[in-house]
Every structure is written in C-alpha cells, then in structure tokens.
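Numbers here simply count residues along the sequence, with the first being 1.
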Amino acid sequence: PGDFVDESGRGLGRHRGMIGYTVGQRRGLGVSSSAPLYVREKRVEDNTVVLSDDKSLYSDTLYAGDLNLIDRESIQEPIRCSAKIRYSHREEPCVVTQTGADKIKVVFDEPQRAITAGQAVVMALPAAQMHLEDVEPILHVRDLGALREPALVAPAVASDVERAARGPRDDLGHEGV
C-alpha cells in the first residue's frame, strides 16, 4: 500500500500496491473526484501513484536507452522517421536524435498519450529513405526514460519483425498455434 497524490503532491487517498496500476489507467482507482483521474506516474522510490487529468498524460518527447540499431553504427544527425510506442498504436511521425552512445531523444509531431518508461519504442525510416538491404525497424529501444521529471514505468512491446519471427499466436498471445 501507498499514497495516491495529485501532480502537486496533495494526498488523494491510499492505493493497494502500485503493481496493480498502469500509466493511463482510469478505472478501479477507488478515488473520488469531481473530474476523471488517470494514473500519470508510478514512483517506486516512495511507493506513490500520481494521478492527473487526461490532458497531463500527453507528451511529444521521450528519452530512451538500450539502443539497438539494425542498419547503422550510430545516428550521426537527426533522422525524420516514424515511431510506435505500443503494439496497438500506429506509427507516428517524429525526429530521432542520438544523445549518447546508447541513448536517443524522440520528438513526435503530435503529442502521444501515456508514453511510459520500460516500454519499447520502435522506429522505421520512410521507404523513400531506405536501402534495399535495410530491415524495418531501423531502431529498437527497450527502455524509455523520463519524458518529464520523474520517469514513468511500464512493460515493453515488440516490433512487427520480432513478432513475425516468433511465429503465429492465438488471440490470447499463446505461441505455436
């Protein structure tokens, strides 16, 4: 158990354990409010779940590490491409800049909802910029870092290439069907 707080740190109630909550979640919080509240952030260091309105869940920027470049050693200059932060999301236009040996900054054209640390971000160049030997996606990054202070936490997603390599699955995600 721990505390639910708003973005300013004001207490809103108690939670039953942060493992039961996901960034962007609205239902099942057990907190009364005059407006809908959503999980914005999970702070492991003090066992606090931050709640906010839906508008606060949107950001156009993320920072990520654990970089896996498929067709190049590094990103020498900003790349215009498309990126996807969840399996169920469509690819969105963005600009990717390498900020360190194993880190990137992604700036989306339009704000994305509930960008979450621990997810994978998968990026691909437009077909016009690709070479015949290129394999989509050009980037697979495992850990999304803080887009705002402090960082957020959630599970990873796989690229279309990785899912295809694993083979068919049933509706529940079981392999080998």
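Screening residues 11-24 for salt bridge (charged side-chain N to carboxylate O under 4.0 Å, His left out) gives D3-R14 as the qualifying pairs, with residues at least two apart or on separate chains.
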Show your reasoning for whether side chain to side chain contact (heavy atoms under 4.5 Å, CB included) applies to L12 and L37.
CA-CA 10 Å; L12 300 173; L37 292 174; 4.2 Å; yes
For R40 and D6: C-alpha separation, side-chain torsions, deciding distance, then whether salt bridge (Lys or Arg N to Asp or Glu O under 4.0 Å) applies.
CA-CA 9 Å; R40 178 182 182 270; D6 64 15; over 6 Å; no
Side chain to side chain contact (heavy atoms under 4.5 Å, CB included) between Q98 and L67, intermediate numbers included:
CA-CA 9 Å; Q98 191 161 353; L67 190 58; 3.7 Å; yes
Let's go through R86 and T116 carefully: what are the C-alpha distance in whole Å and the side-chain angles of both, what is the deciding distance for side chain to side chain contact (heavy atoms under 4.5 Å, CB included) to 0.1 Å, and is it a yes or a no?
CA-CA 10 Å; R86 278 188 190 79; T116 309; 3.6 Å; yes
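Cluster membership for L29 and V49, using ILVMFWY side-chain heavy atoms within less than 4.5 angstrom, is shared. In the hydrophobic clustering of ILVMFWY residues, with side-chain heavy atoms under 4.5 Å counting as a link, Y21 and V44 come out together. Under a hydrophobic-cluster definition in which Ile, Leu, Val, Met, Phe, Trp and Tyr are linked whenever side-chain heavy atoms come within less than 4.5 Å, directly or via other members, I75 and V121 are assigned to the same cluster. Residues V23 and V5 fall into different hydrophobic clusters, defined by Ile, Leu, Val, Met, Phe, Trp and Tyr side chains chained together at heavy-atom separations under 4.5 Å. Residues M123 and V107 fall into different hydrophobic clusters, defined by Ile, Leu, Val, Met, Phe, Trp and Tyr side chains chained together at heavy-atom separations under 4.5 Å.
Interatomic distance, D53 CG to R26 CZ, rounded to the nearest 0.5 Å: 12.0 Å. With rounding to the nearest 0.5 angstrom, the CD atom of Q119 is 8.0 Å from the NE2 atom of H89. Atom-to-atom distance recorded for R90:CZ and K84:NZ is 11.5 Å, nearest 0.5 angstrom. Atoms CG and CD, from L51 and E7 in turn, are 9.5 Å apart once rounded to the nearest 0.5 Å. Between atom CG of residue D60 and atom CG of residue D109 there is a gap of 9.0 Å, rounded to the nearest 0.5 Å. The distance from the OH atom of Y58 to the OG atom of S52 is 11.0 Å, given to the nearest 0.5 Å.
Side chain of N47 to main chain of P1: a donor-acceptor pair is present (N/O by atom type, distance under 3.5 Å, no hydrogens or angles). No donor-acceptor pair closer than 3.5 Å links the side chain of R43 to the backbone N or O of V50. S74 places no side-chain N or O within donor-acceptor distance of the main-chain N or O of Q76, the cut-off being under 3.5 Å. Put simply, the side chain of E41 never gets that close to the backbone of V39: no donor and acceptor are under 3.5 Å apart. Looking at D54, its side chain never comes within 3.5 Å of a backbone N or O of L57 through a donor-acceptor pair.
Remark: T99 pairs with K103, K105 by the side-chain contact (heavy atoms from CB on, under 4.5 Å) rule, at least two apart or across chains.
The two residues S82 and E91 have their closest heavy-atom pair at OG-OE1, 2.8 Å. Taking each heavy atom of A124 and C81 in turn, the nearest pair found is O-CB, 3.2 Å. When all heavy atoms of A83 and C94 are compared, the closest pair comes out as CB-SG, 3.6 Å.
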